[in-house]
Amino acid sequence: QVQLVESGGGLVQPGGSLRLSCAASGLPLDYYIIGWFRQAPGKEREGVSCISSSDGSTRYADPVKGRFTISRDNARDNAKNTVYLQMNGLKPEDTAVYYCAAGRIASTVAALVGYGMDYWGKGTLVTVSS
């Protein structure tokens with residue numbers, strides 16, 4: 001069974017940085033995509049970034065391009081992995097609950113809109129405020 005546990009959220013001032021972690025286990029052995037999503041109060045959930053297990057390709061939503069970086073551990077055990085989201089230049093509009101999600105799909109385009117992302121963590125709160 002796939003399990004995803006997020007950590008690293010907190011309160012940060014505008015312009016600051018945070019690194020989120022997603023500890024994943026029980027992943028498919030062949031291929032999958034892990035992504036980060038966020039939901040701000042009163043808004044719909046949106047995709048932030050995702051990374052493919054097969055070739056390490058990444059995709060970012062336009063609002064975070066150039067500020068956020070997704071990466072993963074080079075784990076030998078493909079069923080376990082930790083994925084990171086380095087967030088720099090944070091803005092108040094980045095305030096949201098950030099969720100890690102995973103799915104056995106190959107398309108990062110589809111993953112970033114949530115298609116096929118069947119497994120979700122409980123989320124970690126990021127607050128950007130002075």
Side-chain angles (χ1 to χ4, degrees):
Q1 183 176 355
V2 177
Q3 291 187 322
L4 304 168
V5 180
E6 304 97 334
S7 61
L11 173 64
V12 63
Q13 292 186 343
S17 298
L18 278 177
R19 189 176 82 156
L20 304 183
S21 299
C22 173
S25 60
L27 295 165
L29 295 179
D30 45 6
Y31 62 89
Y32 54 84
I33 290 176
I34 293 181
W36 287 96
F37 296 76
R38 67 186 182 185
Q39 187 166 20
K43 295 187 177 181
E44 293 187 355
R45 186 181 65 199
E46 62 177 354
V48 175
S49 182
C50 61
I51 186 167
S52 169
S53 70
S54 57
D55 60 4
S57 59
T58 60
R59 187 168 296 274
Y60 297 89
D62 287 343
V64 307
K65 283 181 180 176
R67 299 189 298 123
F68 291 10
T69 303
I70 192 170
S71 62
R72 62 178 182 174
D73 281 343
N74 290 323
R76 289 186 176 183
D77 184 353
N78 204 42
K80 296 182 180 179
N81 213 328
T82 300
V83 172
Y84 305 97
L85 185 68
Q86 178 66 44
M87 306 186 293
N88 299 328
L90 282 162
K91 305 175 181 180
E93 51 263 43
D94 294 318
T95 295
V97 177
Y98 283 70
Y99 298 92
C100 178
R104 190 175 177 277
I105 61 172
S107 167
T108 56
V109 173
L112 202 58
V113 296
Y115 179 79
M117 303 300 273
D118 294 328
Y119 306 98
W120 292 81
K122 294 182 178 180
T124 185
L125 176 63
V126 172
T127 303
V128 185
S129 175
S130 55

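We're numbering straight along the sequence, starting at 1. What you see below is based on every heavy atom in this structure, not just the backbone, and it leaves out hydrogens, waters and symmetry mates.
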Asker: Taking all non-hydrogen atoms of both residues into account, name the closest pair between Gly47 and Ala61 and its distance.
Answerer: O-CB, 3.3 Å
Asker: Calculate, to the nearest 0.5 Å, the distance between atoms OG and CG belonging to Ser49 and Leu112 respectively.
Answerer: 7.0 Å
Asker: Taking atom OH of Tyr84 as the centre, does the number of heavy atoms from other residues, nucleotides or ligands within less than 6.0 Å exceed 12?
Answerer: yes
Asker: Where do Leu18 and Leu90 come nearest, in terms of heavy atoms and distance?
Answerer: N-CD1, 3.9 Å
Asker: Answer whether the closest heavy-atom distance between the side chains of Ile33 and Thr108 falls below 4.5 Å.
Answerer: yes
Asker: Which atoms form the tightest heavy-atom contact between Ala102 and Leu27, and what is the distance?
Answerer: CB-CD2, 4.1 Å
Asker: Would you call Lys122 and Glu6 a salt bridge, taking side-chain N to carboxylate O under 4.0 Å as the test?
Answerer: no
Asker: Please lay out, stage by stage, how Thr124 and Ser7 fare under the test side-chain contact (heavy atoms from CB on, under 4.5 Å).
Answerer: CA-CA 6 Å; Thr124 185; Ser7 61; 5.8 Å; no
Asker: Arg72 side chain to Ser52 main-chain N or O, any donor-acceptor pair under 3.5 Å?
Answerer: yes
Asker: Quick one, Val12 and Ser17 - any side-chain contact, counting heavy atoms below 4.5 Å?
Answerer: no
Asker: Between Asp62 and Lys65, is there a side-chain N and carboxylate O pair less than 4.0 Å apart?
Answerer: yes
Asker: What's the shortest heavy-atom distance between Phe37 and Val113, and which atoms?
Answerer: CE2-C, 4.4 Å
Asker: Calculate, to the nearest 0.5 Å, the distance between atoms CZ and OH belonging to Arg104 and Tyr31 respectively.
Answerer: 4.0 Å
Asker: Minimum heavy-atom separation for Pro14 to Ser130, with atom names?
Answerer: CD-N, 3.7 Å
Asker: Check whether any side-chain heavy atom of Cys100 sits under 4.5 Å from a side-chain heavy atom of Ile34, and report yes or no.
Answerer: yes
Asker: For Arg59 and Val109, run side-chain contact (heavy atoms from CB on, under 4.5 Å): C-alpha distance rounded to whole Å, both residues' side-chain angles, the deciding distance at 0.1 Å, then the answer.
Answerer: CA-CA 7 Å; Arg59 187 168 296 274; Val109 173; 3.3 Å; yes
Asker: To the nearest 0.5 Å, tell me how far Gln86 CD sits from Ile70 CD1.
Answerer: 12.0 Å
Asker: Considering non-hydrogen atoms only, spot the tightest contact between Leu4 and Ala24 and give its length.
Answerer: CD2-CB, 3.4 Å
Asker: So Tyr99 and Trp120, would you call those rings parallel, tilted or perpendicular, with 30° and 60° as cut-offs?
Answerer: perpendicular
Asker: Donor-acceptor check, side chain of Thr58 to backbone of Ile51, threshold 3.5 angstrom: yes or no?
Answerer: no
Asker: Inspect the contact between Arg38 and Asp94 and indicate whether a charged nitrogen and a carboxylate oxygen are less than 4.0 angstrom apart.
Answerer: yes
Asker: Nearest 0.5 angstrom please: Arg19 CZ to Met87 CE, how far?
Answerer: 11.5 Å
Asker: To the nearest 0.5 angstrom, please state how far the CG atom of Leu20 sits from the CH2 atom of Trp36.
Answerer: 4.5 Å
Asker: Is there a path of hydrophobic side-chain contacts, each under 4.5 Å between heavy atoms of I, L, V, M, F, W or Y residues, that connects Val128 with Val97?
Answerer: no
Asker: Going from OH on Tyr32 to CD1 on Ile105, what distance comes out if it is rounded to the nearest 0.5 angstrom?
Answerer: 13.5 Å
